[in-house]
Every structure is written in C-alpha cells, then in structure tokens.
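Structure record follows, encoded as structure tokens.
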Amino acid sequence: MNRRKITSRGTSAAMKISHQPPRLLIVHIAVPSWVDICPNLCEALQNFFSIACSLTGPSRMSLFSLYTVQNQHECVLPFVQVRGNFIRLQACISELRMLQVEGCHRPPHALLPLAVEDGLQQFKQYSSHMASSAAQPWTSLEITVLTSRPGKEVVKELEEGLKDINLLSVRRLQVVEVTKGIQEPSDSPSPTEEPSDDESSILEADIVLETLDNDVVSMEVFFKAWLHNSETDQENIHLLLTPQSLHPPSRAKDHPICLKCDLQERFLSPSLLPGTADGMSRIDDPKGDISTLYQMASLSSDSPYKLQVVKALKSSGICESLTYGLPFILRPTSCWQLDWDELETNQQHFHALCHCLLKRDWLLLARGEPLTPKHNQSLPACSFYVITPSHSLTLLVKLVATRELMLPGFFPLLSEDPPEDSLKIIESTLDSLDLGLTYNPLHVGSHLYSHLSSTHAKPQGRLYTSCASRGLRKGGQLQTNRVRAPVVPLPVAPAPRRALKMTAASKASSAAFLPSDLEEEEEECPSHT
C-alpha cells in the first residue's frame, strides 16, 4: 500500500476528548483456536462495554462495528453509538459467543481485505448520512483485525488485498495476533512485535502489528486503551523547568527548558460511573472531581496547558495527606506536527529529567497556568502540583493542597513504646495477614462489571434487526440474532445454494440503516409464531 494513504488525522484541540474515532473490530474465526479464544474474548468485550456504555462526561468512544471472517465475511453489528447501547452490544456479544466454526481450516485469502473494504464502505455511507445532523462529523476510522494466525501472514494478506483501495479514511489499521501463552497480567498492552529488516517497510508504514495473550485480563486492557485520548494534533502540556524568578545573568534563563508532554489518565474516575462509592454524590455534576489537570488541559484549547516548576523537594518532604484528586501521567509528546529532531530532543530531555530526579531523590513542585474568562479582571486562582519521577519514561502528577484549602489539624506524636499487652495482640493479628510484595489492581475485582451490566435497562420490545434474520426459538433450536450491515455487502463468491439468499439479503441490508428505518421494517414484517 502507499504510505500516504493512511495518515494521522485529528480534530481541533477543543475536540480532543469528546470526538474519539469510530472503531471497527474484525474477528477472524479459525480452527482450532476459536474454541479457546471465544470465551475469553466475549467476556472481555462484555466487561469493557459495561464500562464504556456507562461512562458519563465527554464521549470516549463514539461508534463501534463488528465483523466476523470465517468461510465468508459478515457484519454482525453495523455501526452504532456506544453510549446508551449496552443491550444491543450485549446481544451482539451473545451472538459471537454462539458462533460455531464451520470447518474451514483456512478461509480464502481475499476475505480479510474484503471485510476491511466492506467496513470502510459502511462507515463512509454512515458518515455521509449523518453529516447533516452530527455536530462534528466523523472523518476517520480505526480498524482492528483480531486473529490467531501468525500476524505477519495477515499483514501480508492485507497489504496485497488493499493495495488498490483508497484508505484515506483509515486513521489506523491494526493487526492483533492472539497468542496461546498466558503471562502475568499487565496494565499495558503487549508491545508491538519488531519486524525483520526485509518487512519493516511494510509493517511500519501502514499496519501496526501487536501480540495479545489469550486471557480475559489482557484482552480487557487492550480494549480499554480505546478509552484513552488518542489525538496527536497537539501536545497537551508544556512543562517549564526554568524558574521565572531567575535573574537575567543566569545561564538557565538564557536557555529555558520546556518539555512538551502528553497527558494520560492512570485510571477512570469513579465519579464518572453510576453506583460507585465515590460517584454517587457527583454523578450529575458535569465538572466531576475538583479541577483536575485533565480538565484544565482540556479547557486550554488554544495552546498547551503550562506547568511552571517552582522548586524542587526531597521525596520525603511532602505528606501524602496533602495530595488530592486523580493522579495523571506525563510522557514525551508524540505530536505529529513536530519534526523528528524536535521529538527526539524532547524525549532525550524528558529521559534525562527522570534520571536526575531519581538519582537526587527529588520531587518537583509546579504551578498550573490559571484559566480565567477574558472579561474577568480579578487576580486568577491557580493550582499547584507535585511531580514524581518513575523508572519508566513517565512522570506522575498529583494536585497538592495550598494555604487556602487547609484546615487546622493537631495530631499527637507516637510515644516510643506502646503498652506491652497491646503490642503483642496487634503483632499477633498482623502476623496472621498474608504479606504481598506489591499491589496489583488487576488481581483485585470489585464486581463493578456485573453491577454496571445489571443497571442498564432491559430492552423494550425487539432489538433493531432485520426481520429475515431475527433470532427465534423453534423446536428447541436457537437461531442467532444477525444484524445486517447498512450497506450492500461486497461479493464473496458464495456457494450456489446460498447465492440467491445472499442477494436478497444484500438488497434488504441497504434499507436497514437507522433505528427508525428498522422500526418501520419491523412493522412490515409478518409476525413469527
């Protein structure tokens, strides 16, 4: 494929959070691995969408569509809005769970590219239809191909099948190879597999290749990466290391250091989810938590939000009780508008900062850029942050209390030795506890997935499916609930006995587009008994 066909496109900085790209997931079903992959994949999707459909605030995931590829490619779910559509997504996952391998050990090579082309055509028609009503039309699509086949083979197949296809609307095309091994759960997706020298031009130019362990937690982590802000049009934060109070003769003043950083959440705020302990009182508050760095950076749409370093602190010089709000991660920016030399220099300086802070056992105290309305003449209030280094190429940022927020507190110091009887009782109790070296949140579940799934309203009446493929139970036999694609599917050379049925279904699918259209279709369909 031509490298120019897939380019990074984003929206304006003001739309970074609220306008995430639509996503198309293509699941390749192959013998015999599907039997092992299916239950893990379905559980991971169910858990992920219970979160994604429940999040309040700006939309983190706009549209989603699902295709399967077996003996033919099929649209299991056409593009739908994710928020508020959990019941429909759940039905789609249930259908995926019931799919049986039809005995084709290796589908024809043309099917995966056809699924990509068909999904892209569907997206273009949906975008064109919704352009007049959508506040911000969707212009690019992210496509993920999930397969158990060797990833490099799939990449070659896609490169060959899509070489003559216009992919200007594809923001990212990703192949994810599901491996058999199960490793220790990690909160980061598996790193991209390094291609060999003779294939690097193919893999690095157009298609991202990743590996994924075949377990529920790893798949959850992969899908949750879709909730991150993925825009690269502009860096989020400017970290100004040179204090403004330096006198003019200072060398640091002559060569100010500004690190350009991207902002990433460490975890989701409970205030964005209904029914959580921390979210009950703030679920209807559009501001959520007290002014967080993420919100401040989002409001600063004209230019990156600025953090001015005020002083350095010893790592033991701040009490944990003075920090509040959600922590955030700073990392070197990947903004595509910066040239390669600037990106490389910025990353090297960021690396050096982390190294020096760890070596000196320092933290940084920084003042956030005040944001006030243009017509407000009062002195703007600002926030202060503590910046902590880590052994990865990241910095942890937390809000810290200032004088105006402090309440008086007088706490007696510990005496040197507690009473002997109490000491023995408490030591005996502590010795009975299991001692762990670290805390891994991926090993601790709060039943939040099942709680969120149960909070979604049950479907009223029938789901939006075509009458020809509506799931029915007849004589103890379950017919799956197939959702037709809202475009005419591409030809897949069907078997002669199925050709007539597929042609009729293709004509019907072009009419099944929006929910309102589908409701009209249901009225015309004869009732099933």
Side-chain angles (χ1 to χ4, degrees), residues 13 16-17 57 228-229 234-246 252 256-272 278 282 287-333 335 346 349-358 360-372 379-407:
K16 284 180 181 177
I17 302 174
H228 275 309
N229 174 28
Q234 178 180 302
E235 63 271 23
N236 303 136
I237 301 290
H238 279 181
L239 180 59
L240 309 174
L241 294 181
T242 308
Q244 293 179 330
S245 58
L246 288 178
I257 299 297
C258 172
L259 297 183
K260 299 179 179 181
C261 311
D262 289 336
L263 192 63
Q264 182 174 313
E265 293 168 287
R266 190 66 178 95
F267 52 85
L268 293 170
S269 170
S271 66
L272 299 176
D278 294 336
R282 296 192 300 270
K287 295 181 293 184
D289 290 326
I290 300 173
S291 63
T292 64
L293 182 59
Y294 192 74
Q295 293 167 334
M296 300 291 275
S298 303
L299 292 172
S300 181
S301 58
D302 296 334
S303 60
Y305 183 68
K306 294 180 176 59
L307 285 180
Q308 173 65 61
V309 173
V310 177
K311 64 170 65 175
L313 298 170
K314 294 296 291 183
S315 61
S316 59
I318 183 168
C319 179
E320 284 294 327
S321 67
L322 299 180
T323 61
Y324 66 96
L326 295 180
F328 292 91
I329 302 296
L330 290 184
R331 60 185 183 184
T333 185
C335 175
N346 184 74
H349 286 173
F350 195 101
H351 185 186
L353 174 62
C354 293
H355 176 81
C356 291
L357 291 178
L358 288 170
R360 300 186 182 197
D361 196 24
W362 281 10
L363 308 176
L364 296 178
L365 179 66
R367 180 179 61 249
E369 175 186 25
L371 297 175
T372 55
L379 189 64
C382 59
S383 300
F384 282 80
Y385 302 86
V386 171
I387 301 175
T388 307
S390 73
H391 291 279
S392 61
L393 196 62
T394 58
L395 297 170
L396 182 67
V397 183
K398 294 185 286 186
L399 279 161
V400 64
T402 57
R403 184 178 74 182
E404 295 88 342
L405 300 177
M406 291 302 299
L407 293 174

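Hydrogens, waters and symmetry mates are skipped; everything else that's a heavy atom, side chains included, is used.
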Glu265 side chain vs Pro327 backbone, donor-acceptor pair below 3.5 Å:
no

Check: Leu322 and Val386 side chains under 4.5 Å, non-hydrogen atoms
no

Using the rule given for side chain to side chain contact (heavy atoms under 4.5 Å, CB included), can you reason through Leu330 versus Leu259, listing the C-alpha separation, both sets of side-chain angles and the distance that settles it, and then say yes or no?
CA-CA 10 Å; Leu330 290 184; Leu259 297 183; over 6 Å; no

Closest heavy-atom contact between Ser392 and Cys354?
O-SG, 4.3 Å

Within the structure provided, determine whether Leu395 and Pro389 are in side-chain contact (heavy-atom separation under 4.5 Å).
yes

Return the minimal non-hydrogen interatomic distance between Ser390 and Leu358, and the atom names on each side.
O-CD1, 3.3 Å

Gap separating the CG atom of Leu239 from the OG1 atom of Thr333, nearest 0.5 angstrom:
13.0 Å

How long is the span from the NZ atom in Lys306 to the CD1 atom in Ile237, to the nearest 0.5 Å?
10.0 Å

May I have the step-by-step check of side chain to side chain contact (heavy atoms under 4.5 Å, CB included) for Lys398 and Arg266, ending in yes or no?
CA-CA 11 Å; Lys398 294 185 286 186; Arg266 190 66 178 95; over 6 Å; no

Note: Asp262 and Asn236 closest approach over all heavy atoms is CA-OD1, 3.5 Å

Report yes if some heavy atom in the side chain of Val397 is under 4.5 Å from a heavy atom in the side chain of Leu263; otherwise report no.
no

In this structure, CZ of Arg360 is separated from NE2 of His355 (nearest 0.5 Å) by 10.0 Å

Rounded to the nearest 0.5 angstrom, the CG-CG distance for Leu307 and Leu365 is 10.5 Å

CD1 of Ile387 to CG of Leu357, rounded to nearest 0.5 Å, is 9.0 Å

Determine whether Leu393 and Pro332 make a side-chain contact, defined as any pair of heavy atoms from C-beta on separated by less than 4.5 Å.
yes

Closest non-hydrogen atoms of Tyr385 and Val400, given as atom of the first, atom of the second and distance, are N-CG1, 3.9 Å

Between the NE2 atom in His238 and the SG atom in Cys258, the distance rounded to the nearest 0.5 Å is 4.5 Å

Given side chains that start at C-beta, do those of Ile329 and Leu396 come closer than 4.5 Å, heavy atoms only?
yes

Keeping the roles fixed (side chain from Thr242, backbone from Ile257), state whether a donor-acceptor pair exists under 3.5 Å.
yes

Do you know the tightest heavy-atom contact between Leu399 and Ser383?
CD2-CB, 3.8 Å

Show, in sequence, the C-alpha distance, side-chain angles and deciding distance for Lys314 and Trp362, and conclude whether the side chain to side chain contact (heavy atoms under 4.5 Å, CB included) test is met.
CA-CA 5 Å; Lys314 294 296 291 183; Trp362 281 10; 3.9 Å; yes

Tell me the closest heavy-atom pair linking Val310 and Phe384, and the distance in Å.
CG2-CE2, 4.1 Å

